[in-house]
Amino acid sequence: MKYLVRDKVLAIGDDYWVEDEAGRHAYLVDGKALRVRDTLELKDPDGRILITLREKMFSFRDAMTLERDGEQLAVIRKKRLSLLRNHYRVTLSEGTVLDVSGRILDREFKVEYEGELLSLISRQWYRVRETYAVDVIREEADAALLLAVAVCVIRMAEKEREERDEEREEREEREEAREDERRGGGR
């Protein structure tokens, strides 16, 4: 089953619908604004919360948690020792580990369990900007969980890119200031 996601660069506070292949509202991603940490809720069309996605605070490395009915369902972390730049590990509460790899920011990646493809995330099926599909390959797979994983890793990758961009800008400003000092001090 394919789900169509029209993400709006996922700013905190943004809400957006995920549609099924027939164009019906299947899930609502509800961004919770004005929270200390990044929080989203994945809801069914009737507004029932299926999964809560939270930025994990005070973590050694960036992580997000997925919760269902107040219980931790999974923790998502970027894999540090990976040859792939965009590689995440999803550890489910019972110990199962899912691998997420690919070009996350391009919305071209996959979710696997022990080498078996569970879902494929891609823009190739759609020409609309800011739109991608989450294709849940296994019928018995938890579609809400796989959608939540996709939303989380995209959010984490975007946050990492923003932090890198900010660091680069700060570094360039410091270098520019040193250059200005050198030019001004050499007269």
**Q** I'd like to know if the side chain of Asp20 and the backbone of Ala22 have a donor-acceptor N/O pair within less than 3.5 Å.
**A** yes

**Q** Less than 4.5 Å apart, side chain to side chain, heavy atoms only: is that true for Arg103 and Leu105?
**A** no

**Q** Identify, with sequence neighbours excluded, every residue that meets ring-ring contact (aromatic ring centres under 6.0 Å, His included) alongside Tyr27.
**A** Tyr3

**Q** With a sphere of 6.0 Å drawn around CD of Glu172, does it hold more than 12 non-hydrogen atoms of other residues, nucleotides or ligands?
**A** yes

**Q** Walk me through it: do Glu179 and Arg182 pass the test salt bridge (charged side-chain N to carboxylate O under 4.0 Å, His left out)?
**A** CA-CA 5 Å; Glu179 185 64 27; Arg182 190 181 60 76; 2.3 Å; yes

**Q** So which heavy atom on Ala26 is nearest to which on Pro45, and how close?
**A** O-CD, 3.2 Å

**Q** Under the salt bridge (Lys or Arg N to Asp or Glu O under 4.0 Å) test, which residues partner Asp69, sequence neighbours left out?
**A** none

**Q** Check the pair Val90, Val97 against side-chain contact (heavy atoms from CB on, under 4.5 Å), reporting the backbone distance first and the verdict last.
**A** CA-CA 6 Å; Val90 180; Val97 176; over 6 Å; no

**Q** Using a strict threshold of under 4.0 Å (side-chain N to carboxylate O), is an ion pair present between Glu160 and Lys78?
**A** yes

**Q** Quick one: are Val18 and Leu28 in side-chain contact, heavy atoms under 4.5 Å?
**A** no

**Q** State whether Lys43 and Asp15 are salt-bridged, where the test is any N-O pair (Lys NZ or Arg NE/NH1/NH2 against Asp/Glu carboxylate O) under 4.0 Å.
**A** no

**Q** I need the Asp99 CG to Leu117 CG distance, nearest 0.5 Å.
**A** 12.0 Å

**Q** Hey, does Leu53 have a side-chain heavy atom less than 4.5 Å from the side chain of Thr39?
**A** no

**Q** Checking side-chain contact (heavy atoms from CB on, under 4.5 Å) between Arg164 and each of Arg168, Arg161, Glu166, which is the one that passes?
**A** Arg161

**Q** So which atom in Arg138 and which in Leu118 form the shortest heavy-atom distance, rounded to 0.1 Å?
**A** CD-CD2, 3.4 Å

**Q** Are Tyr113 and Val134 in one and the same hydrophobic cluster, where Ile, Leu, Val, Met, Phe, Trp and Tyr link if side-chain heavy atoms are under 4.5 Å apart?
**A** yes

**Q** Rounded to the nearest 0.5 Å, how far apart are CG of Leu66 and OG1 of Thr91?
**A** 11.0 Å

**Q** Considering all heavy atoms of both residues, which atom of Ser119 and which atom of Ile121 are nearest to each other, and what is their separation?
**A** OG-CD1, 3.7 Å

**Q** One pair to check against side-chain contact (heavy atoms from CB on, under 4.5 Å): Val100 and Val153. What are the steps and the verdict?
**A** CA-CA 8 Å; Val100 181; Val153 296; 4.0 Å; yes

**Q** Closest heavy-atom contact between Ala144 and Leu42?
**A** O-CD2, 3.3 Å

**Q** Starting from the C-alpha separation in whole Å, work towards a yes-or-no answer on salt bridge (charged side-chain N to carboxylate O under 4.0 Å, His left out) for Arg155 and Glu55.
**A** CA-CA 10 Å; Arg155 199 161 188 102; Glu55 180 180 27; over 6 Å; no

**Q** Measuring only between side-chain heavy atoms, which start at C-beta, is Met1 closer than 4.5 Å to Glu21?
**A** yes

**Q** Mind checking the OG-CZ spacing from Ser93 to Arg68? Nearest 0.5 Å is all I need.
**A** 9.5 Å

**Q** If I take atom CZ from residue Arg107 and atom CZ from residue Arg123, how far apart are they, to the nearest 0.5 angstrom?
**A** 5.0 Å

**Q** Can you tell me how far SG of Cys152 sits from OH of Tyr88, rounded to the nearest 0.5 angstrom?
**A** 10.5 Å

**Q** Test Ser122 against Asp135 for side-chain contact (heavy atoms from CB on, under 4.5 Å), laying out the working first.
**A** CA-CA 8 Å; Ser122 180; Asp135 189 4; over 6 Å; no

**Q** Could you walk me through whether Asp30 and Tyr16 pass the side-chain contact (heavy atoms from CB on, under 4.5 Å) test, one step at a time?
**A** CA-CA 7 Å; Asp30 185 359; Tyr16 54 94; over 6 Å; no

**Q** In this structure, would Trp17 and Leu40 fall into the same cluster of hydrophobic residues linked by side-chain contacts under 4.5 Å?
**A** no

**Q** With respect to Arg54, which candidate in Glu41, Glu67, Gln72 satisfies the side chain to side chain donor-acceptor pair (under 3.5 Å) definition?
**A** Glu67

**Q** Same cluster or not: are Val111 and Leu92 linked, directly or through other Ile, Leu, Val, Met, Phe, Trp or Tyr residues, by side-chain heavy atoms under 4.5 angstrom apart?
**A** yes

**Q** Of all heavy-atom pairs between Ile154 and Ile104, which one has the smallest distance, and what is that distance?
**A** CA-CG2, 3.7 Å

**Q** Looking at Glu139, I want to see if its CD is surrounded by more than 12 non-hydrogen atoms of other residues, nucleotides or ligands under 6.0 Å.
**A** no

**Q** Just how far is it from atom CZ of Arg77 to atom OG1 of Thr65, taken to the nearest 0.5 Å?
**A** 10.0 Å

**Q** Do Val29 and Leu50 belong to the same hydrophobic cluster, where Ile, Leu, Val, Met, Phe, Trp and Tyr are linked whenever their side-chain heavy atoms lie under 4.5 Å apart, directly or via other members?
**A** yes

